[in-house]
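Have a look at the structure below, then the notes.
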Amino acid sequence: MLKIAVFASGAGSNAQKLINYFRTHPSIKIELIVSNKSNAGVLQIARAEAIPTLVLDKEKFFHGNAYVAELSELGVGFIVLAGFLWKVPAALIRSFPNKIVNIHPALLPDYGGKGMYGDFVHESVIKAGDAESGITIHFVDDQYDHGPIIFQARCLVDKNDTAATLADKIHQLEHDNYPRVVEEVVNRSRYEL
Ligand code: GRF
């Protein structure tokens, strides 16, 4: 079994889709749900699914061992970020080379970087008058929303779209694609050192 830890800060709809997709998977398991917020919706999902949870301590995450020891003890081999708002520390990236992926609710390299999350992204896309937006799944490196792109999918932005209606379209794209793309990347990563 390849064990995945899902890191999330919010409601966790993507985490739920990942849990559903891998629930009966023969070789990939969601082992742990990690959050930086003790009241995040994603933790309730984890409890309902009887998946162990971990709430990160800021000091330990950024200035301690970045939870490398705890994750290896649990046998975690891959990390999936699903709406996780803290920057991933270098120590964790070093321990999981090409084994951390993120999903971003826009077509990177546009609309990425610090502070570009949730409705801030969608509002910027609408303000710029872009005809389309989409999602980007990418490897995580030491800069926000920056690592090599694995997959993108697009949707149209209508002139009547608001941040909320665009967010709905983006969520749909995320839910339809993230679990399958994670599965592919995890399977590929098994053959890499
Ligand atoms: C998603 O749109 C994801 O792209 C982003 O944060 C949102 C998380 O939504 N970075 P949810 O918590 O999975 O519902």
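One-based numbering, in listed order, for ligands and for the atoms of each. All values below were derived from every heavy atom in this structure, side-chain atoms included, with hydrogens, water molecules and symmetry-related copies excluded.
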Any chance the side chains of Ser133 and His122 put a donor and an acceptor closer than 3.5 Å?
no
Can you name the atoms of ligand 1, numbered from 1 with element, that are less than 4.0 Å from a heavy atom of Pro105?
2 (O), 4 (O), 10 (N)
Nearest protein heavy atom with distance in Å, relative to atom 9 (O) of ligand 1:
His171 NE2, 3.1 Å
What protein heavy atom sits nearest atom 14 (O) of ligand 1, and how far away is it?
Ser13 OG, 2.5 Å
Looking only at protein heavy atoms, which one is nearest to atom 3 (C) of ligand 1, and how far off is it?
Glu174 OE2, 3.3 Å
Tell me whether ligand 1 is touched by Ile103 - counting only heavy atoms on the residue side and a distance under 4.0 Å.
yes
Intermediate values then yes/no, ring-ring contact (aromatic ring centres under 6.0 Å, His included), Phe7 and Trp86
CA-CA 10 Å; Phe7 284 43; Trp86 280 359; 9.9 Å; no
Mind listing the side-chain donor-acceptor pairs of residues 64-78 below 3.5 Å, one per line with the distance, residues two or more places apart or on another chain?
from, atom 1, to, atom 2, distance (Å)
Asn65, OD1, Tyr67, N, 2.7
Asn65, ND2, Glu70, OE1, 3.1
Tyr67, OH, Asp57, N, 2.8
Glu70, OE2, Lys60, NZ, 2.4
Ser72, OG, Val68, O, 2.5

Other members of the hydrophobic cluster containing Ile149, with the 4.5 Å side-chain heavy-atom rule, please.
Leu108
Could you check atom 5 (C) of ligand 1 against the protein and tell me its nearest heavy-atom contact, residue, atom and distance included?
Gly83 CA, 3.8 Å
Return yes when Gly12 approaches ligand 1 closer than 4.0 angstrom through a heavy atom, no otherwise.
yes
Could you walk me through whether Asn187 and Glu183 satisfy the side chain to side chain donor-acceptor pair (under 3.5 Å) test, starting with their C-alpha distance in whole Å, then the side-chain angles of each, then the deciding distance to 0.1 Å, before giving a yes or no?
CA-CA 6 Å; Asn187 281 335; Glu183 181 184 31; 4.7 Å; no
If you measure from the Lys or Arg side-chain nitrogens to the Asp or Glu carboxylate oxygens, is any gap between Lys17 and Glu174 under 4.0 Å?
no
